[in-house]
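Values in this document were obtained by computation on a predicted structure and should not be read as measured data.
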Amino acid sequence: FRSSKFVLTLKSYPNKQLFTHELRPTKGVYVQRKGSKLIYGNRRLRLWGVARHDSSNLFTAERAKKMGFNALRLWGPGGESGQKGFYSPESAKKGIIPETVPGSSVDRFDRFFAECKKQGLFVMLPSLHYCPIGDPLFSKDSFLAGPDPKDWKEWCQAIKQGRKNGIRDSFMIYLDDRCRKLRFNHAEQLLTHKNKYTGTTYAEDEAICIYELDNENGCLQWMLGAG
């Protein structure tokens, strides 16, 4: 028996970008809607993108650009650092997005957003409704309880039972004042949050092309189906 030997030579080739796009986020220029079209700086803006969460691997944004995309539908923090969403357990009770610290989920999201903008990508932001009703919000000191929470225990039980019956958190805003308070508070927190890597708030960032207010909302279908 005679073993075989072979030589494998690896060569590196420069990455090529599939498509290039003339329009990219520009300081002081914001996306506008005229009729059924998006306009950016008096020019038609056409978007071709993918959906994903943020990532600590910033090359992901460059890779999307080199694949020819010019937009990302960027969800909120995906739990890569052990914390899913914008809130820690304690900050969720207060309804406040915490200050960014290195390694936190908010810091990672801000860094990745800034990298997308740097690479010339526009961002569709569904994060405005990325605020599930987590367990910390059921605590007695939750900001949702209010100053005189006489019905707090019953409310918590009702929300939990509703989930068991198939009612999604996103449906609750049509049915309950506290859930609407949670959604509106989160939107205000996110829009006024200043990204230290871009220097702007998410209400004022030129890279945001669309603010998404809801996703796959089947509330009416659920109500009709439930009788």
Side-chain angles (χ1 to χ4, degrees), residues 14-21 23-31 38 40 45 47-132 134 136 182-183 185-213 215:
N15 293 325
K16 298 296 183 180
Q17 187 167 331
L18 295 180
F19 306 103
T20 56
H21 302 269
L23 296 181
R24 56 183 294 138
T26 303
K27 185 175 178 59
V29 181
Y30 298 90
V31 175
L38 295 178
Y40 196 72
L45 176 63
L47 301 170
W48 187 34
V50 293
R52 63 159 298 121
H53 285 278
D54 62 313
S55 174
S56 58
N57 183 3
L58 299 183
F59 177 70
T60 303
E62 182 181 356
R63 183 183 180 190
K65 180 189 73 171
K66 288 188 174 181
M67 292 180 69
F69 297 114
N70 69 335
L72 284 182
R73 182 174 179 239
L74 184 58
W75 284 93
E80 184 179 308
S81 63
Q83 176 186 318
K84 186 176 182 180
F86 292 94
Y87 303 89
S88 66
E90 286 303 315
S91 69
K93 295 178 186 179
K94 301 175 183 177
I96 299 174
I97 292 179
E99 294 293 327
T100 56
V101 294
S104 70
S105 62
V106 179
D107 183 69
R108 190 187 66 241
F109 182 86
D110 286 349
R111 288 178 69 243
F112 189 75
F113 181 96
E115 184 65 19
C116 290
K117 185 176 182 179
K118 176 183 175 182
Q119 295 296 332
L121 300 172
F122 288 93
V123 174
M124 176 180 179
L125 197 68
S127 304
L128 285 179
H129 59 84
Y130 193 68
C131 54
L182 173 65
R183 176 70 67 88
N185 178 78
H186 169 70
E188 181 179 1
Q189 284 288 312
L190 182 60
L191 292 174
T192 57
H193 171 73
K194 188 173 184 179
N195 184 328
K196 67 180 182 181
Y197 299 102
T198 62
T200 59
T201 65
Y202 285 112
E204 303 171 311
D205 202 289
E206 299 88 348
I208 299 177
C209 56
I210 298 173
Y211 291 98
E212 182 179 304
L213 302 181
N215 175 53

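- Side chain of Y130 to backbone of L125: no donor-acceptor contact under 3.5 angstrom is found.
- Contact record, D54 with L74: N-CD1, 3.8 Å, taken as the closest heavy-atom pair.
- Between L128 and Y202, every side-chain heavy-atom pair lies at or beyond the 4.5 Å cut-off.
- Proximity of M124 to L47: side-chain heavy atoms (C-beta onward) are nowhere separated by under 4.5 Å.
- Residues G120 and R24 share a closest heavy-atom pair of N-NH2, 3.4 Å.
- Taken from SG in C131 to CZ in F86, the straight-line distance is 10.0 Å, to the nearest 0.5 Å.
- Heavy-atom minimum distance, S55 versus L58: O-CD2, 4.2 Å.
- Nearest heavy-atom pair across A71 and L121 is N-CD2, 3.9 Å.
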Between H186 and Y87, does a ring-ring contact (aromatic ring centres under 6.0 Å, His included) hold up when you go through it step by step?
CA-CA 10 Å; H186 169 70; Y87 303 89; 5.7 Å; yes
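- Between the side chain of T198 and the backbone N or O of A114, no donor-acceptor pair lies under 3.5 Å.
- For the pair Y40 and T26, the tightest heavy-atom approach, listed with the atom from each and the gap, is OH-N, 2.8 Å.
- For K66, the NZ atom sits in a packed shell: over 12 heavy atoms of surrounding residues, nucleotides or ligands are nearer than 6.0 Å.
- One distance of note links CG of L23 with CG of N70; it measures 8.5 Å at 0.5 Å rounding.
- Side-chain contact between H193 and F109: absent, with no pair of heavy atoms (C-beta onward) separated by less than 4.5 Å.
- Taking 4.5 Å as the limit, some side-chain heavy atom of Y211 sits within range of a side-chain heavy atom of L191.
- Remark: side-chain polar atoms of D110 are not paired, donor with acceptor, to backbone N or O of N195 under 3.5 angstrom.
- Heavy-atom neighbours of Q17 CD from other residues, nucleotides or ligands within 6.0 Å: above the threshold of 12.
- Residues Q189 and I96 meet the side-chain proximity criterion, which asks for heavy atoms closer than 4.5 Å.
- By the 4.0 Å N-to-carboxylate-O rule, D107 lies close enough to K196 to be salt-bridged with it.
- Within the 4.5 Å cutoff, side-chain heavy atoms of P25 are placed close to those of F122.
- One distance of note links CG of L190 with NE2 of H129; it measures 11.0 Å at 0.5 Å rounding.
- The line from CG of N57 to CD of E62 is 10.0 Å long, rounded to the nearest 0.5 Å.
- Within the 4.5 Å cutoff, no side-chain heavy atoms of T192 are placed close to those of T201.
- The two residues S127 and W75 come nearest to each other via the heavy atoms OG-C, 3.6 Å.
- Comment: E206 engages K117 in a salt bridge, judged by a side-chain N to carboxylate O separation of less than 4.0 angstrom.
- With contacts defined as side-chain heavy-atom distances shorter than 4.5 Å, the pair Q119/L72 does not qualify.
- A salt bridge links K93 and E90; the closest N-O separation between the charged side-chain nitrogens and carboxylate oxygens is under 4.0 Å.
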